[in-house]
Structure formats: structure tokens, C-alpha cells
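My questions all concern the structure below.
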Amino acid sequence: MQPPLQAQGAMANVAAILTVPCSAGRRPKRSSQPRGCGSVSVSVSVRASSGANTVTLLDYGAGNVRSVRNAIRYLGFDIRDVQSPEDIVAAERLVFPGVGAFGSAMDVLNRTGMANALREYIQRDRPFLGICLGLQLLFDSSEENGPVSGLGVIPGVVRRFDSSNGLIVPHIGWNALQITKDTPLLQGADGQHVYFVHSYRVLPSDANRNWISSICNYGDSFISSISMGNIQAVQFHPEKSGATGLSILKEFLRPNSLGTKVPARRKASKLAKRVIACLDVRSNDKGDLVVTKGDQYDVRNLGKPVDLASQYYIDGADEVSFLNITGFRDFPLGDLPMLEVLRCASEKVFVPLTVGGGIRDFTDANGRYYSSLEVASEYFRSGADKISIGSDAVYAAEAFLQTGVKTGKSSLEQISRVYGNQAVVVSIDPRRVYVKSQEDVPFKTVKVSTKGPSGEEYAWYQCTVNGGRDSRAIGAYELAKAVEELGAGEILLNCIDCDGQGCGFDIDLVKMVSDAVTIPVIASSGAGAVQHFSEIFEKTNASAALAAGIFHRKEVPILAVKEHLVNAGVEVRV
């Protein structure tokens, strides 16, 4: 598999200057010592340290590493980027924020000689912090599009979460750690939620138990962090775990520092329900991007996106979502203001950022073709953690349902294949259509809680494209099932009928879809009071609830929503 677009250029330059033989097909013998991976022959020169306040970052060109960069700089450290295997071996302190698919990452590391350099660095017990995929790659192998051999440092196989019993996969959101080893790195995480987003994990075993510093429960107990000497790695994302995550990063960057421990108002015990703030962004008459919101997608200006996103982070939003509602009319890669919004927001907001709008294949006026993968890569590089696909996913699902063939060419399939399905959200915009009988239409119907205008007891939910302006002959149920099959990792479920009304989420719609799929569903459209959030979590399998206008207009503060959910017995991050 080819690495993402930005990796191809960057790694080609690295490959041109390498003098290190790459034994990609061999895994070194494991040492009898609990630490390291055995002797590896790598001929590299060691350069001098660039200072105590400099950390070396291994960015192999996949996903959003900007967030890690911003967190490191926020904590007062400079960054030195790895350009060659020599830079890895010479590092005084190395951070490896692995992002994307296991096979793609190992392909890049092996082709550039960096895999062997990593093994040698770890064998020397140099300060190392792996994040997410940066933890998984330390193990023997992965079943993701495999088997694929890993770095072979720690015994174990990376396997997908078992969803056969209805477990929602990917594991997305804020979960609790069970600390099993006293390690300074995690001293600020006790009793706190931290942010996970992954579909694969490693289970504890007798062979790797000495490495484990914490476990997390989701379906079963999996390894959430390891620690051995100076080698540390975490499955969660500290750069996206708010103040708790920054405290963890600070401890690695400056050991034995007196970091600020975030007090736990309520001890974390399990996966929390998420409260997401959404910002619909469009260009005003001056070309500036502003946040807009109105009734049933009729919009009005409400403020600057970066300022609002920063405030929502402070207020306790678990994620922030940007929807570029003019994206479908503009050339995506020319949409520089939106990219700048992401860059600026990611410097201040240390929770996940999602962006949607205009992510599709494109041919410009000069005839140059840009794949949706290139477009998504630009968003990831600018600070997005997840991308949201709307209309293009509808077209892909329609083609798949008609032919039964996965072409691998749709934006949904391309992006999920390279970055992992946890990085891809599909936004569904349906409109309620009442019918007298379930046999009236070939689509999934539900018996509605409130009858239609002519006494109809049933309805189906017709999907739309282009911001709700054009209807398609596909239902929300059918679309959700199809996009899950094509590689979506999460569904953002809107309802045009409820949008801006403040009367609550469409329980019938959310229950139908969340019961039908095994990926997380975000309920959207209609929130007007704190009770609407507890209602959606109590009556459906929604993993998160999203709101926009009530937060923008300060009608319902995020903190008030969280406090209400706590009192209602709903696990949330507080």
C-alpha cells in the first residue's frame, strides 16, 4: 500500500540520502532481558544533542501529527523532526505519534530504514514515547489487513475488537484507565478519563505482563499503556485528552517535574458519553469564515470559529466539529481560510477536532485530478483528527447497494484504508417521510412516537445531499448499514425536521440507526434543553450527542449539560 500523499514526497527524500541497509523482511531475535528487542546491526552516526528543551518527533507522514506538535510547543519545548534513521538514534528524547493503518506505517518505516533505527534506539533504553499506533507497532504483529509484522519489541499480536456480541467498534471516546504499575508518567491520570480512538488493541498475556502499566476495559481488558525503563507508550491520545493529557506529556518531556494534577470531580469508571460542540462555518461577504446557525439549515452569523472552539474547549466540550457548509461549492484544496481555522484551533484546543465539507475527488479547471485522499490529507495536516463525509458517501453507498461491489475508489474507502476507519465520520442528513403502512416503501420504516399530519403511524427517513437541498432514493437505515460496510468508523446522524427547533433529538431515528450498526452514532439536531441529552442516552444506543445553536447563543452551557448528565447517572467526563 502506498503511504499517504505527504508521506510519498517526504519519504522519497529520506530514501535518497539513506546509507543504512534495511532488513525489512527479518525480525531481530528478542533478548532474554525484559527490555529491548535484541541486537540489531544499523550503521548510523550519532549527532550531538540539540538541547534539553528539544524533543525529536518521528512524523512518517500519516494523519494529524500537528496536534502533538502543538501540545509539545504549548508545554515550552522545541521540536526536531526526524529526516533520516540517524536522527532517531541521535535523539535525546523521541516521540512517535503513530497514526493510520498498521501496515502502511510499517511499510514506510521498513522502506526508509527507520524500523531498525527504532529498534536500536529502544534497545539502548533511550527515552521514548509511542502514542496510539506508536504503541501497537512495538508488538510482534497485527491482524489489521494482515498479518503484518511489527517492530517485535514486545510479545503480542494486535487484533480487532470483537464486535460479534454487539460491541461498538471503533472504540471512540473518553475512557478510564486502571493503573497496574506505579509509573510517574500516569500519576496525573488516576481517576481521569483519557481519549481513545482505535479499532485494534493488544490483550495482556503472561509474555507481556511485565511491560504493562495500565489497562482499559472495553469489551475486555486491553493494554492501554506500557512502561519499561525509559520506554513508554500509550494507546490513548494525550494530546487530545485535555489538561490530563498535557500533564502526561509534560511528565515525559520533563521527568520529575511538578506537573499540575487535574482534580477528579467524579472518578472515571468506564467509557463516557460525549458532548460535542458543532460549528457550521461559511464565508461572509468579506471572505472571512464565520460560524452560522439557524432553523432547518437557514443560517445566520454567530461569531468567529477559532474563538468559539477555544471557549468550548475551556467549557468542557469533549470534541469540536467544524462543518464547512460552503465546501461543496468551492475547490477544497483552495479553501485556505478553513485550513487556517484548523491550524489555529489546534494550537488552543486539546480535544479532538473533526472537519467536514468538500471532501471528495476533484478535477480542477486545468484538468488536474485530485483524489479525496489528497483532500483529506490536507485537512489532517492542518489539524483535523477526523474528517466527515456527506454527499460523497451517499453516492458511494448508492453504487454499492446497486452493484454489491466495493470498488475501493470512493472517498470513504480510500481514506479509511490509509488512515483507518476511526478517522472517517459519515454525516447523514435525512428528512422524515410519513407513510400509512410499512409496505408503502421499500425502505426501513419505524413506528413513530408522534403520528403524522394525517394520522400516519409510520415513517421512513429519506437521505439528502448538498446541504439538505436534494433528496435521494435511499433511507437513513440503508445508508448507515452501507457506509459501515464501506469503512465508516462513526456516523453523525442529523435530522432536518428537528434542526434548530429545540424540541429534542429525533429519538425514533437515532434508535433505529444506533440499533442497526456496530459503529458509534452521534445524535444531532434538535437539542434545546439539558433533559434532551439524558433522554437520547437513556432511550438509544447513541455514543455522543452534538449541539450547535444552544451553545453558540449561550442558552444552555456545556457545563450545565454535563452536570445534568452526572445527576442522571450518565458517565461523562467532568
So Phe350 and Lys240, side chain to side chain contact (heavy atoms under 4.5 Å, CB included) or not? Walk me through it. CA-CA 5 Å; Phe350 298 103; Lys240 289 296 172 182; 5.9 Å; no
Indicate whether any N or O donor in one side chain lies under 3.5 Å from an N or O acceptor in the other, for Ser67 and Ser346.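 Judged by distance alone, the side chains do not pair up.
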Could Glu456 and Lys436 be called an ion pair, given the rule that one side-chain N must be under 4.0 Å from one carboxylate O?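 Here Glu456 does not pair with Lys436 in a salt bridge, since their nearest N and O are not under 4.0 Å apart.
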State whether the number of non-hydrogen atoms from other residues, nucleotides or ligands found under 6.0 Å of Lys273 atom NZ is greater than 12. yes
Note, Gln531 side chain near His564 side chain (heavy atom, < 4.5 Å): yes
Quick check: His237 with Phe196 (ring centres under 6.0 Å apart)?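 Centroid distance Phe196-His237: not below 6.0 Å, so no.
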Test: Lys267 and Asp190 ion pair at under 4.0 Å: yes
Salt-bridge test for Glu398 and Arg472: reply yes if a basic N is under 4.0 Å from a carboxylate O, no otherwise.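 Salt bridge present between Glu398 and Arg472.
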Any side-chain donor paired with an acceptor under 3.5 Å for Gln311 and Asp307? no
Pairing of Asp220 and Arg201 as salt bridge, 4.0 angstrom limit: yes
Flag the pair Val68 / Asn70 as yes when at least one side-chain heavy-atom distance between them is below 4.5 Å, and no otherwise. no
Counting the benzene-type ring for Trp, do Phe236 and His198 have ring centres under 6.0 Å apart?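 No, ring centres 6.0 Å or more apart.
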Could you tell me if the side chain of Ile519 sits less than 4.5 Å from the side chain of Val169, heavy atoms only? no
Quick check: do Pro430 and Ile496 have side-chain heavy atoms less than 4.5 Å from each other?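 Side chain of Pro430 against side chain of Ile496, heavy atoms only: no contact under 4.5 Å found.
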Check: Ser214/Gln178 side-chain N/O donor and acceptor closer than 3.5 Å: no
For the residue pair Tyr419 and Phe380, categorise the inter-ring angle as parallel (less than 30°), tilted (30 to 60°) or perpendicular (more than 60°). tilted
Kindly give the heavy-atom pair with the smallest separation between Tyr434 and Lys451, and that separation in Å.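 Taking every non-hydrogen atom into account, CE2-C, 4.2 Å.
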Any luck finding a side-chain donor-acceptor pair between Glu413 and Ser410 under 3.5 Å? yes
Ion pair Arg431/Asp497, N-O distance below 4.0 Å: no
Does Tyr74 have more than 12 heavy atoms from other residues, nucleotides or ligands lying within 6.0 Å of its OH?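 It does not: Tyr74 OH has 12 such atoms or fewer within range.
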Taking C-beta and beyond as the side chain, do Ile276 and Ile522 meet within less than 4.5 Å on heavy atoms? yes
Return yes if a side-chain donor-acceptor contact under 3.5 Å exists between Asp470 and Thr464, otherwise no.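 No.
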Do Thr540 and Ile507 come close enough that some side-chain heavy atom pair is under 4.5 Å? yes
Which heavy atom of Pro238 sits nearest to which heavy atom of Leu249, and what is that distance? CB-CG, 4.0 Å
Measure from the ring center of Tyr218 to the ring center of Phe161 and say whether it is less than 6.0 Å.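 For Tyr218 and Phe161, the ring centres are under 6.0 Å apart.
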Which of parallel (below 30°), tilted (30 to 60°) and perpendicular (above 60°) describes Phe551 and Phe533? parallel
Side chains of Glu571 and Leu271, heavy atoms from C-beta outward: is any pair under 4.5 Å? no
Under 4.0 Å between a side-chain nitrogen and a carboxylate oxygen: does that hold for Arg573 and Glu319?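 Not counted as a salt bridge, because no side-chain N and carboxylate O are separated by less than 4.0 Å.
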Establish, from distance only, whether the side-chain atoms of Asp385 and Thr354 form a donor-acceptor pair under 3.5 Å.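 Result is no, nothing qualifies.
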Would Arg66 and Glu347 pass as an ion pair if we require N to O under 4.0 Å?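 The answer is no: the pair does not qualify as a salt bridge.
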Mind checking whether His552 and Tyr312 have ring centres under 6.0 Å apart?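 Yes, the ring centres sit under 6.0 Å apart.
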When every non-hydrogen atom of Ile474 is compared with those of Phe443, the smallest separation belongs to CA-CE2, 3.8 Å
Report yes if the side chains of Val349 and Ser310 come closer than 4.5 Å at any heavy-atom pair, otherwise no. yes
Any chance you could lay out the side-chain hydrogen bond (donor to acceptor under 3.5 Å, both in side chains) test for His171 and Gln422, step after step, and finish with the verdict? CA-CA 8 Å; His171 173 218; Gln422 70 277 357; over 6 Å; no
Taking NZ, NE, NH1 and NH2 as the nitrogens, is one of them in Arg381 or Glu378 under 4.0 Å from a carboxylate oxygen of the other?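 A salt bridge is present here (some side-chain N lies under 4.0 Å from a carboxylate O).
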Assess the side chains of Gln235 and Ser225: does a donor N or O sit below 3.5 Å from an acceptor N or O?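 Distance-only check fails for Gln235 and Ser225.
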The single option from Asp506, Asp508, Asp499 passing salt bridge (Lys or Arg N to Asp or Glu O under 4.0 Å) against Arg432: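 Result for salt bridge (Lys or Arg N to Asp or Glu O under 4.0 Å) with Arg432: Asp506.
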